[in-house]
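Encoded as structure tokens, the structure appears first; notes follow it.
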Amino acid sequence: MRYALITGGSRGIGKAISLRLADEYPILINYKSNRAAAETTLSAIESKGGKAELLPFDVADGSAADAALTQWQDAHPEDTISVLVNNAGIRIDTMMVFMQASQWHSVLDTTLNGFFYVTRRLLKDMLMNRSGRIINISSISGLKGQPGQTNYSAAKAALIGASKALALEVAARKVTVNVIAPGFIETDMTEGLDEQSIKKLIPAGRFGTAEEVAALAAFLASDNAAYITGEVISINGGLYT
Ligand code: NAP
């Protein structure tokens, strides 16, 4: 069977992508620590007739990612992971003048190094099978920069550069690599922001939903998107084009 792995699949955008891709694939729900949320996502998939498994590991820890994926592959010798959504991400916002090295590194370790560890581990099988979809969740902050987010903007911009390079490396083997760059989406990550003020800046007049991002991810994962690679697709209600 061909599985889809969604990093940070327990909550928010990753949860919505897990639920949406469960219409087509058995799902591996990765998360770091919130087991209760991951189990809720798993139950939601099962109650709509889908199949899913939990696969917890810290994407920022290369050895942990390798160990978890090796263990999964040993237990599933007939199966393969053909869709990878690198969605796990955190933000620790502060002006650079106040930023601690640990705040810089945590954000880059999760978004950028996480992408590297998990993708490198799964890429060989995708290339051998001549089939794969890699979808990386960046951000409007990686396109235009955001004050208070030098760490996050750096990580999300680097993810775009890496995706474009990787897309060229693997295109001949029918593996596509694309980036989704969301604007403001209603999740735990945006909770506490001043939604009323921010909404005034968004031409569509509202935050997006995780389900809207998931619909785009499902398209990019589908056969219909076979000729799209190395692209960055914004989903931001017109906030930045
Ligand atoms: P969220 O609600 O905070 O969920 C984050 C998810 O990532 C959780 O499942 C969390 O797992 C997981 N995670 C965090 N660190 C991890 C790690 N080291 N290893 C494995 N899993 C980890 O965030 P979200 O809003 O859905 O954001 C998802 C992605 O979209 C992120 O990359 C974010 O930067 C990007 N994005 C979001 C927005 C927005 O407006 N929400 C806009 C642009 C881009 P636990 O449950 O175990 O903590």
Side-chain angles (χ1 to χ4, degrees), residues 5-20 27-42 44 52 54-69 84-93 105-119 135-146 149 151-160 163 179-195 198-199 201-202 204 206-214 216-217 232-237 239-240:
L5 166 62
I6 293 87
T7 69
S10 54
R11 291 187 286 122
I13 292 171
K15 175 181 183 175
I17 293 174
S18 297
L19 278 156
R20 182 70 192 247
I27 302 295
L28 297 175
I29 303 167
N30 162 259
Y31 64 98
K32 184 179 174 188
S33 53
N34 193 335
R35 187 174 182 92
E39 279 174 350
T40 303
T41 304
L42 176 70
L54 302 184
L55 193 65
F57 59 85
D58 179 353
V59 296
D61 179 341
S63 313
D66 266 350
L69 289 165
L84 167 61
V85 184
N86 287 301
N87 163 80
I90 55 169
R91 67 179 181 90
I92 308 175
D93 297 353
H105 288 298
S106 302
V107 170
L108 271 102
D109 283 351
T110 306
T111 287
L112 188 58
N113 296 347
F115 152 80
F116 172 68
Y117 294 134
V118 179
T119 306
I135 300 165
N136 298 322
I137 309 298
S138 178
S139 166
I140 189 172
S141 301
L143 291 171
K144 71 174 282 288
Q146 199 74 1
Q149 291 198 323
N151 49 1
Y152 187 82
S153 299
K156 294 299 191 182
L159 189 58
I160 291 172
S163 302
V179 177
I180 295 178
F184 289 93
I185 308 298
E186 274 172 22
T187 68
D188 293 347
M189 190 177 271
T190 49
E191 213 173 69
L193 295 183
D194 182 353
E195 190 167 339
I198 295 169
K199 275 195 317 201
L201 306 172
I202 303 172
R206 64 174 178 86
F207 279 21
T209 66
E211 289 71 27
E212 287 170 320
V213 181
L216 176 54
V232 182
I233 304 182
S234 288
I235 175 161
N236 61 26
L239 183 57
Y240 183 74

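Along the sequence shown, residues are numbered consecutively beginning with 1. Atoms within each ligand, like the ligands themselves, are counted from 1 in listed order.
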Review point. So which of Glu191, Lys32, Met189, Lys156 gets nearest to atom 16 (C) of ligand 1, if we judge by its closest heavy atom?
Key: Lys32
Exercise for review: Examine the proximity of ligand 1 to Val59 and report which part, side chain or backbone, both or neither, has a heavy atom under 4.0 Å away.
Suggested key: both
Practice item. Using a strict cut-off of 4.0 Å, indicate which atoms of ligand 1 neighbour a heavy atom of Ile90. Key: 14 (C), 15 (N)
Check your understanding: Is the closest side-chain heavy-atom distance between Glu186 and Glu195 below 4.5 Å?
Key -> yes
Review point. Under a 4.0 Å heavy-atom limit, does Thr111 contact ligand 1 with its side chain, its backbone, both, or neither?
Key: neither
**Study point:** Nitrogen or oxygen atoms of Ile140 and ligand 1 under 3.5 Å apart
**Key:** no
Practice item. Mind checking whether Thr187 contacts ligand 1 via backbone (N, CA, C, O), side chain (CB onward), both or neither, at a 4.0 Å heavy-atom cut-off? Key: side chain
Check your understanding: Are Pro56 and ligand 1 in contact, using a heavy-atom cut-off of under 4.0 Å?
Key -> no
Review point. Is the closest heavy atom of Ala37 to ligand 1 under 4.0 Å?
Key: no
**Study point:** The one among Gly14, Gly208, Ser10, Ala64 that brings a heavy atom closest to atom 46 (O) of ligand 1
**Key:** Ser10
Check your understanding: Are any of the heavy atoms in Tyr152 under 4.0 Å away from ligand 1?
Key -> yes
Review point. Which bit of Thr110 gets closer than 4.0 Å to ligand 1, counting heavy atoms only: side chain, backbone, both or neither?
Key: side chain
Point to revise | For atom 10 (C) of ligand 1, the protein heavy atom that lies nearest, with its residue and separation | key: Arg11 NH2, 3.7 Å
**Study point:** Atoms of ligand 1, numbered as shown, that sit under 4.0 Å from any heavy atom of Asp188
**Key:** 2 (O)
**Study point:** Option passing side chain to side chain contact (heavy atoms under 4.5 Å, CB included) with Asn30 (candidates Val118, Leu84, Val59, Val85)
**Key:** Val59
Revision key, fill the gap. Atoms of ligand 1 under 4.0 Å from any heavy atom of Thr190, numbered from 1 in the order shown, are 39 (C), 40 (O), 41 (N)
Review point. Would a 4.5 Å heavy-atom cut-off, applied to side chains only, mark Ser234 and Ile140 as touching?
Key: no
Check your understanding: Just by distance, do the side chain of Thr110 and the backbone of Ala60 share a donor-acceptor pair under 3.5 Å?
Key -> no
Review point. Do the non-hydrogen side-chain atoms of Lys15 and Thr187 ever get within less than 4.5 Å of each other?
Key: no
Practice item. Run the numbers for me: atoms of ligand 1, each under 4.0 Å from some heavy atom of Asn87, listed by number. Key: 28 (C), 29 (C), 30 (O), 31 (C), 32 (O)
Study note, to complete from the structure: atom 47 (O) of ligand 1 has as its nearest protein heavy atom Ser33 N, 2.7 Å
Practice item. Considering the heavy atoms of Ile185, write down every atom of ligand 1 situated less than 4.0 Å from one of them. Key: 39 (C), 40 (O), 41 (N)
Check your understanding: Nearest protein heavy-atom contact for atom 30 (O) of ligand 1: which residue, which atom, what distance?
Key -> Ile137 CG2, 3.3 Å
Review point. Which ligand 1 atoms, with their elements, are less than 4.0 angstrom from a heavy-atom of Phe57?
Key: 19 (N), 20 (C)
Revision key, fill the gap. If you scan protein heavy atoms around atom 18 (N) of ligand 1, the nearest is Asp58 OD1, 2.8 Å
**Study point:** Beyond-backbone contact of Ile92 with Ser106, side-chain heavy atoms, under 4.5 angstrom
**Key:** yes
**Study point:** For Ile13, the ligand 1 atoms whose distance to one of its heavy atoms is below 4.0 Å
**Key:** 26 (O), 30 (O), 37 (C)
Exercise for review: Answer yes or no: is there a side-chain heavy-atom contact under 4.5 Å between Ile180 and Ile13?
Suggested key: no
Exercise for review: For Arg91 and Met189, indicate whether the former's side chain and the latter's backbone hold a donor-acceptor pair under 3.5 Å.
Suggested key: yes
Check your understanding: Of all the atoms in ligand 1, which lie at a distance below 4.0 Å from a heavy atom belonging to Phe184?
Key -> 40 (O)
Review point. So, do Tyr31 and Leu54 sit near enough that their side-chain heavy atoms are less than 4.5 Å apart?
Key: yes
**Study point:** side-chain hydrogen bond (donor to acceptor under 3.5 Å, both in side chains) between Ser163 and Asn136, intermediate numbers included
**Key:** CA-CA 8 Å; Ser163 302; Asn136 298 322; 2.9 Å; yes
Review point. Any heavy atom of Gly183 sitting closer than 4.0 Å to ligand 1?
Key: yes
Check your understanding: Applying a 4.0 Å heavy-atom criterion (strictly less than), which segment of Asn30 is in contact with ligand 1: side chain, backbone, both, or neither?
Key -> side chain
